[in-house]
Every structure is written in C-alpha cells, then in structure tokens.
K.L.:
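Below you'll find the structure I mean.
To find a chain, count down the sequence lines: A is the first, B the second, and so on, and within it residues start at 1.
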Amino acid sequence: MNRNFASILVGAALALASVTAAGAGTLEDVKAKGFLQCGANGGNLIGFGATDEKGEWSGIDVDFCRAMASAIFNDPTKVKFTPLNAKERFTALQSGEVDVLSRNTTWTMSRDSSLGLQFVGVTYYDGQGFMVRKSLGVSSALELSGAKVCTQTGTTTELNLADYFRSNNMPYEVVAFEKNEEVLQAYEAGRCDAYTTDASGLYAERLKLVAPDDHMILPEIISKEPLGPAVRQGDDKWFTLAKWTLFALLNAEELGLTKANIDEKKTSDNPEIKRFLGIEGDFGTPVGLSGDWAYNIIKNVGNYGEIFDANIGPSTKLGIARGLNNLWSKGGIQYAPPIR
Amino acid sequence: MATFLNNPTIRGWVFQILFVLVLGWFVWDIIDNTSRNLQKANIAAGYGFLERTAGFGIVQKLVPYTEASSYGRALFVGLLNTLLVAGIGIVLATLLGFIVGVARLSSNWLVSRVAATYVEVLRNVPLLLQLFFWYFAVLRSVPGMREKWSFLGIFHLNIGGLHVPKLILGESAWMIFAAIPVAIAVMIFVAKWGHERQSRTGIRPPIGLINTAVLIGLPVIAFFIAGRPLHISMPVFTETGPLLRRGFQTDSGMTIIPEFLGLLLALSLYTAAYIAEVVRSGIQAVTRGQTEAAASLGLRPRQTLRLVVLPQAMRIIIPPLTNQYLNLTKNSSLAVAIAYPDLVAVGGTVLNQTGQAVEVVSIWMIFYLGLSFLTSAVMGYFNKRVALVER
Ligand SMILES: N[C@@H](CCC(=O)N[C@@H](CS)C(=O)NCC(=O)O)C(=O)O
C-alpha cells in the first residue's frame with residue numbers, strides 16, 4: 001500500500017524533474033555512493049531472495065547483486081537490499097530507488113518495452129505451476145475446473161492463470177493478494193483450493209507451510225517464466241556491465257573456474273581463462289571496471305553453478321535439479337557469449 | 001492608464017485573469033514536463049491502454065467481466081465494488097451510529113455504559129487492525145470450503161463467504177420496482193393529508209400504519225399483477241462426489257465473499273463509533289429548555305426526541321456526518337490489504353501490468369475527488385433543508 005504512495009512520487013518526480021538535466025551514469029553514481037542498491041524479494045522467497053534471523057540476505061537473485069558489487073568494488077558486501085513485492089518492484093526501479101532489480105522477475109515483451117526498463121538476461125529458467133492439498137485428490141491441473149485459486153497481484157502469474165483456464169474452458173475464481181505471505185496464508189487457511197506461482201516459488205513457499213508433506217505440486221507447467229535482473233533503460237554502459245556480470249558467472253562455470261580454484265588457474269595456459277582473469281587483453285576499461293573484474297566476481301561469490309547449488313540445488317532444502325538451467329554443454333540452455 | 005488601474009472593478013478583473021493565466025501555465029507545464037520525461041525514460045504514456053485486454057480475473061464483479069475485457073472495464077468493475085462497499089457501509093454505519101449515539105444519552109446506566117464502551121474501543125483501535133481482526137481472525141476461523149455453519153436454514157457461512165438465497169428477476173419484474181416510487185408518492189400525499197387533518201380536527205389519523213401498508217402493499221400487488229416474476233435460487237450444498245466438487249455450487253444462490261464482509265464490517269463498525277459521537281453532541285447541543293417545553297406541552301419522551309430534539313440536532317449533525325461519509329468512502333481503499341477488488345486494488349493491478357502509473361493515479365484522484373464532491377453536494381442539499389428551520 002505504501003507503494004501506491006511511491007507511484008505517486010514517481011508521478012510527481014516525472015512531473016517536476018526538469019527535462020534537460022540528465023543525471024550522471026549509474027556506474028558513476030554507484031561508485032560515488034560506495035554501494036549498489038539492489039531491489040530484492042520482499043516476501044522471503046527461500047533460495048532466491050530471503051533474510052535469516054540475523055537479517056543476512058541469501059539467494060541466487062541476491063548473489064547476482066553481490067556479483068555486481070564484486071565487479072565494481074571487489075567487495076560483495078557493498079550492496080544494500082531493498083525488499084520489494086511484485087507490485088512495488090517496477091516503480092522502485094523506474095524512480096531510481098534501486099540501481100538494479102534482481103527479484104525473480106519474468107522477462108516479458110511488455111515489461112521490456114513499455115516500462116522503461118531492460119532485462120539483462122536469464123538467471124533462472126522457470127515456469128508456472130500449481131500446488132494443491134494432497135487430500136483434494138487431484139493429480140493434474142486440468143482437473144481444477146471450478147477451483148478457487150490464490151495468487152499474487154501484479155505478476156505474470158495472474159495473467160497466465162487466466163489464460164490457462166480460459167484456453168481450457170474451465171471456470172475458476174481467483175483471489176489475488178498483494179503480499180505473498182497473504183497468498184500463502186489464504187491458501188493454508190483453505191480460502192482457495194490451489195495456489196499458483198512460478199514453480200521455483202512453489203517449492204520455496206511450500207517449505208513455509210505447517211505440513212509441507214500434505215501438499216503437492218501438480219505436474220503441469222503452464223508458462224515460460226525466464227527470471228532475470230533488470231535495469232533502467234537509457235544507460236547502456238550500466239546495462240552492459242550487468243549483462244556481462246551474468247555472462248562472467250556462466251563462462252566461469254563453463255571454464256571450470258570456481259571460488260576455490262581460481263587462484264591456481266592464474267597459471268593456466270588456456271587463453272580463454274587468461275582473458276577471463278584479466279591477464280591477457282583489457283576487458284575492464286571499456287565497461288568502466290578494473291581488469292580483474294571477472295576474477296573478483298568468482299573469487300567473492302563463485303560461478304553460476306556454485307551459486308545455484310548453494311542456494312537452490314539438490315543439496316539444499318529446495319532440492320531443485322539443474323534441468324533447463326544447466327549449461328548448454330551439459331544438456332541445459334544456459335549459454336553465455338564469450339569474453340574476447 | 002493610471003485611472004484604469006485605479007478602478008477597483010477593473011483592477012479586480014485584471015488580477016483574476018492574471019491568476020487564471022498563471023495557474024493554467026503551471027498546470028500545462030506540469031503535464032508537458034511529465035509527458036516529456038516519460039518519453040525520455042521510455043515509459044509508455046497516454047490513456048490508450050484502457051482499451052487493451054486486461055487478461056486477469058477479478059473475484060467480485062457487479063457487471064459482466066472476463067479476462068478478455070479491457071483495462072477500462074476492469075477499472076469500472078473496481079469502481080462499482082468501491083461504491084458497493086461504501087454505499088452499504090454508509091447505511092449500516094448511519095443506522096448503528098444513531099442507535100449508539102442515542103443510547104449513550106440513555107438514562108439507563110447499563111445501556112449508556114455499553115454505548116460509551118463501544119465508542120471508546122472502536123475509535124481507539126486503528127481501522128487497519130480492525131480490518132485484519134474481522135478478516136483474518138473472525139472470517140478465517142469459520143468452517144472450511146466443504147463444511148458450513150447455517151442460520152435459519154437459509155444463511156450459510158464458511159471460509160468461502162456468506163452463502164444466501166438469490167433473487168432472480170423475471171422479465172416483468174420492473175413493475176415491482178416501478179411500484180416503489182408510486183408508493184412513495186402516495187405516502188407523501190397521505191402524510192400531508194394527515195397533517196392537514198390533524199391541524200383541522202385535532203385528531204391524528206394513523207399515518208404510519210397506512211403508509212407501511214402502502215409501502216408493502218403496492219409492490220406486492222404489482223408482484224401478482226406482473227405474474228409473480230421473482231424467483232429465488234437457494235444455495236446448493238453438495239456433500240458427495242469428488243472433493244473439489246463438494247461444498248456450495250457456483251451456479252446456485254449468491255455468495256458474498258469474505259473480503260467484502262470483512263471490509264464492510266470493519267468500515268461500518270468503525271465509522272458508526274464516530275457517527276455516534278456526532279449524534280450525541282448534536283443532541284446535547286439542543287438546549288434543555290426545548291425538551292422541557294416539549295414535556296410541558298404534553299409530548300411523550302419518544303415524541304420529544306423525534307419531533308423536537310432530532311430535527312434541531314440534525315442541523316448540527318449533518319455537516320460532520322458528511323465528513324464521516326467521506327472518510328468511510330476513502331477508508332474503503334484499505335480493501336487492498338485483504339484482496340477486496342476495489343478501485344485502488346484493481347487500479348494497482350492495472351498500474352502494475354501496464355506500468356502507467358501517472359495515468360492510473362490520475363484516475364484514482366479524479367474518482368475519489370468526484371465522489372467526495374457528489375457526497376458533499378447531496379449532504380449539502382439535506383443540510384439546506386434542515387437549516388431552514390431557524391428558531
Ligand atoms: N515471475 C513472476 C512472479 C514473481 C513473483 O512476484 N512471485 C511471488 C510469489 S513466489 C513473489 O516472489 N512474491 C514475493 C513478494 O512479493 O514479496 C513475475 O515476474 O511476475
């Protein structure tokens with residue numbers, strides 16, 4: 001609700017800001033501030049953007065921001081997080097409240113073209129699913145005709161839900177809440193028969209239920225949800241930096257560079273690794289960074305695979321398999337252009 | 001020239017025109033600047049989005065709406081939902097507020113204490129907390145979707161809401177509604193005739209009785225003449241079959257969703273506490289002499305209240321009452337906290353799906369401003385009517 005106020009502020013800022021005064025580049029601003037302001041998940045989404053009892057943030061979306069901070073400052077702690085719910089996130093980025101939005105946000109055409117923002121890439125290939133109580137005796141989403149479904153407003157989720165039921169000619173009723181705690185609470189209290197969101201979100205949210213084992217996730221995946229970070233349009237340099245932070249994470253995994261072995265690899269003869277580490281060529285200056293920017297990312301936060309495994313991989317509570325998110329060379333679709 | 005400006009009328013005009021020009025320039029500059037900044041930030045602008053397909057569902061709609069309807073239609077659905085909860089809320093809050101306000105002045109110690117406690121408690125707990133109380137604490141502790149609590153066999157409550165019989169109007173049902181204004185006209189006539197007769201003969205005909213009969217009788221007669229065009233659809237509750245199919249069936253009866261109930265309860269109970277205070281102070285502002293004079297004329301206490309005190313108190317009550325109505329309407333935007341799809345909630349969704357913050361915010365502002373003006377105008381009319389009774 002307080003963000004309705006934020007929308008008004010955006011309006012006011014847009015109305016009053018002078019047309020001519022163009023701000024300095026985001027990178028310069030961030031360097032001057034001394035930290036990166038990162039828009040993260042406000043609903044404690046385990047594995048993606050969540051805080052523990054001590055207020056310490058974790059998750060793959062969070063680690064992406066830490067990677068950016070490492071590239072800029074060689075210090076993953078130079079990030080401040082702004083928790084944002086689905087409805088608040090775009091205005092927060094537009095108004096400049098955050099420098100980058102890294103919060104399980106689906107890359108869609110309308111968001112990319114008419115919100116004044118730009119998606120950097122895909123950190124997690126996802127799709128939308130449904131969760132129901134096992135006792136409901138339903139084994140497919142196609143049996144949900146007439147169901148009451150809880151979801152969150154301001155998401156692609158509520159749109160896909162409508163599309164899915166409409167195209168399958170099934171009546172349904174949607175109860176849409178603004179905060180995801182409220183969605184989950186409503187589902188758990190029995191206000192709805194089913195709960196729908198990104199499959200990753202379903203796994204994460206199921207862990208918060210009193211008896212997670214009483215609930216099951218239906219097999220259907222009804223949409224494509226490429227989740228990734230976004231920045232404001234109009235600052236190409238910042239956009240490039242964000243993009244190559246993601247590519248560095250992926251390339252490192254492909255090159256076998258990890259947090260643990262990256263120092264040894266300094267002696268490697270592989271020219272690709274040499275370029276990655278900044279030993280050969282200069283890839284830092286053009287993006288406004290030091291030559292070892294990519295090295296700093298891996299040294300501080302690890303490569304994409306490491307981030308995945310630490311936050312959501314098979315050994316975590318979420319236990320998500322790499323699947324589509326494996327590297328292209330290992331049967332997935334994660335692929336990054338080369339550093340050269 | 002100098003003499004020109006010395007003329008107060010002309011000077012007045014010059015300044016007014018200048019003021020309007022400056023104001024107009026200021027407004028224009030803001031609009032122009034906003035649209036240029038939006039363009040620069042590559043954010044879509046303009047109201048064209050209102051015609052595009054919304055693509056999301058809404059849980060409560062008073063007019064036909066599907067996912068294929070437009071954003072404009074979605075906003076209209078939200079607007080009607082706001083009007084519904086505010087309208088019913090105002091009626092309930094007024095009824096309860098008058099009862100509590102009068103009860104606070106009761107000579108019965110218990111009654112006045114209960115009323116005072118009501119006012120103190122409800123006024124001092126923030127509205128949002130009360131809303132959460134009704135929605136999350138009360139309406140979530142009722143039976144689940146496949147069970148129910150029934151009252152009188154026709155009202156059923158469960159977590160899906162309050163399930164009640166639904167009136168289905170036949171084609172000629174308009175005759176019944178047409179009978180209502182006719183009945184009201186007759187009632188006004190009867191009242192006039194009664195008063196006239198009372199002042200002429202001193203005998204008061206049973207106006208109340210006749211009018212009640214007219215108000216009920218005419219529509220009932222119309223109902224039969226029209227060929228009984230009303231049907232009742234009872235909520236059907238199924239207890240067998242697949243679990244998902246059990247519970248109340250969607251095409252039977254009417255379901256009042258808990259989000260609406262919670263908001264309505266919170267708004268009307270909360271505002272009633274303020275209205276009670278307005279009523280109490282209005283009544284207390286009528287001098288004791290009026291009551292004593294009425295008593296010495298032989299009026300009974302209830303007559304005194306109805307004929308002497310309340311009409312005078314209304315003059316004092318109506319302006320602050322208007323304020324309470326405006327507050328209730330504006331407070332209804334708390335709906336968003338419990339998923340009731342009012343104008344702010346639906347508008348928020350539209351804003352988020354289209355990114356057109358400036359446009360949606362402007363629609364919100366225009367609507368609430370318009371509604372406030374309308375309420376003030378209606379109440380201003382009533383105020384004028386009662387204010388004439390100057391003593
Ligand atoms: N990927 C979808 C949905 C993202 C989303 O908001 N998911 C919810 C449910 S998992 C969430 O993270 N909510 C947390 C919050 O809003 O605080 C989108 O971009 O619209």
K.L.:
Which bit of Ser113(A) comes within less than 4.5 Å of chain B, counting heavy atoms only: side chain, backbone, both or neither?
P.N.:
backbone

K.L.:
Using a cut-off of under 4.5 Å for heavy-atom pairs, which of Arg191(A), Glu173(A), Gln233(A) has the most such pairs with chain B?
P.N.:
Arg191(A)

K.L.:
What option among Leu159(A), Val174(A), Leu115(A) has the most heavy-atom pairs under 4.5 Å with chain B?
P.N.:
Leu159(A)

K.L.:
Is the distance between the ring centroids of Tyr195(A) and His215(A) under 6.0 Å?
P.N.:
no

K.L.:
So, does Asp112(A) use its side chain to make a donor-acceptor pair with the main chain of Phe119(A) at under 3.5 Å?
P.N.:
yes

K.L.:
Which region of Phe136(B), side chain (C-beta onward) or backbone (N, CA, C, O), has a non-hydrogen atom less than 4.5 Å from a non-hydrogen atom of chain A, or is it both or neither?
P.N.:
side chain

K.L.:
Would you mind checking which part of Ile58(B) comes under 4.5 Å of any heavy atom in chain A, side chain (CB onward), backbone (N, CA, C, O), both or neither?
P.N.:
backbone

K.L.:
Looking only at heavy atoms and a cut-off of under 4.5 Å, which of Cys192(A), Gly146(A), Gly154(A) has the most pairs with chain B?
P.N.:
Gly154(A)

K.L.:
At a heavy-atom distance under 4.5 Å, which candidate from Gly234(A), Ala186(A), Pro171(A) has the highest pair count against chain B?
P.N.:
Ala186(A)

K.L.:
Heavy-atom distances under 4.5 Å only: say whether Gln185(A) touches chain B with side chain, backbone, both or neither.
P.N.:
both

K.L.:
Is it true that the side chains of Gln128(A) and Thr197(A) contain a donor and an acceptor less than 3.5 Å apart?
P.N.:
no

K.L.:
Under the criterion ring-ring contact (aromatic ring centres under 6.0 Å, His included), I'd like the reasoning laid out for His156(B) against Phe237(B): C-alpha separation, chi angles, the key distance, then a yes or no.
P.N.:
CA-CA 10 Å; His156(B) 314 276; Phe237(B) 186 80; 7.6 Å; no

K.L.:
With chain B as the partner, which of Thr155(A), Asp163(A), Val149(A) has the greatest number of non-hydrogen pairs under 4.5 Å?
P.N.:
Thr155(A)

K.L.:
Assess Arg133(A) against Tyr187(A): is NZ or CZ under 6.0 Å from the centre of the six-membered ring, and within 45 degrees of the ring's axis?
P.N.:
yes

K.L.:
Are more than 12 heavy atoms from other residues, nucleotides or ligands located less than 6.0 Å from atom CZ of Phe373(B)?
P.N.:
no

K.L.:
Within 45° of the axis and under 6.0 Å from the centre of the six-membered ring of Tyr172(A), does NZ or CZ of Lys148(A) qualify?
P.N.:
no

K.L.:
Under 4.5 Å heavy-atom distance to chain A, tell me which part of Glu259(B) shows up: side chain, backbone, both or neither.
P.N.:
side chain

K.L.:
Checking Ile338(B) against chain A: side chain, backbone, both or neither under 4.5 Å from a heavy atom?
P.N.:
backbone

K.L.:
Inspect the contact between Glu28(A) and Lys237(A) and indicate whether a charged nitrogen and a carboxylate oxygen are less than 4.0 angstrom apart.
P.N.:
yes

K.L.:
Relative to chain B, which segment of Ala176(A) carries a heavy atom at a distance below 4.5 Å: side chain, backbone, both, or neither?
P.N.:
backbone

K.L.:
Relative to chain B, which of Leu161(A), Val175(A), Leu136(A) shows the most heavy atom pairs under 4.5 Å?
P.N.:
Leu136(A)

K.L.:
Would you give the length of the straight line joining atom CD1 of Ile88(B) to atom CG of Leu328(B), rounded to the nearest 0.5 angstrom?
P.N.:
11.5 Å

K.L.:
Does a salt bridge link Asp32(B) with Arg36(B), judged by any charged N lying under 4.0 Å from a carboxylate O?
P.N.:
yes

K.L.:
What residue, out of Gly347(B), Gly55(B), Gly160(B), has the most heavy-atom pairs lying under 4.5 Å from chain A?
P.N.:
Gly55(B)

K.L.:
Quick check on Tyr135(B) against chain A: is it the side chain, the backbone, both or neither that has a heavy atom closer than 4.5 Å?
P.N.:
side chain

